[in-house]
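Dropping a structure here in structure tokens format, bear with me for questions.
We use all heavy atoms of the structure for the numbers below, so side chains are in, but hydrogens, waters and symmetry mates are not.
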Amino acid sequence: MLDKCKACMICLRKCPVGAITGAKKEVHVIDQDKCNRCGVCLSVCPERFSAVECVPGRLNNGGEK
């Protein structure tokens, strides 16, 4: 959710495939074409922000996308 992102840079640094763009004080955006749906961004986004949402059927769980 763009309005919830506080540009803390955690997800950007942790994304293993470099699918997240943004900078300090800029909303971070996930490039869905690069994203491998590993869920790292979802797990590292601070709970107080809850800026990353999982769309059902899109998270990689056992090879399903």
_Point-to-point distance, once rounded to the nearest 0.5 Å, from SG of C11 to CG of L42_ =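 If we round to the nearest 0.5 Å, C11:SG and L42:CG are 11.0 Å apart.
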*Who passes side-chain contact (heavy atoms from CB on, under 4.5 Å) against V17, sequence neighbours left out?*
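Residues passing side-chain contact (heavy atoms from CB on, under 4.5 Å) with V17: C15, A19, N36.
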*Can you tell me how far the CD atom of E53 sits from the SG atom of C41, to the nearest 0.5 Å?*
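Between E53 CD and C41 SG, I get 11.5 Å after rounding to 0.5 Å.
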*Between the side chain of R37 and the main-chain N/O of C54, is any donor-acceptor distance below 3.5 Å?*
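No; zero donor-acceptor contacts below 3.5 Å.
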*Shared ILVMFWY cluster between F49 and I10, side chains joined below 4.5 angstrom?*
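No, separate clusters.
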*Do you know the tightest heavy-atom contact between A7 and E26?*
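In this case the closest contact between A7 and E26 is CB-O, 3.0 Å.
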*Looking only at heavy atoms, what is the nearest atom pair of C45 and A51, with distance?*
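Smallest heavy-atom distance, with atoms named: SG-N, 3.4 Å.
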*asked:* I need the S50 OG to K4 NZ distance, nearest 0.5 Å.
replied: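 If I round to the nearest 0.5 Å, the distance is 5.5 Å.
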*For L12, check side-chain contact (heavy atoms from CB on, under 4.5 Å) against everything at least two apart and list the hits.*
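Here the qualifying residues are M9, I20, H28.
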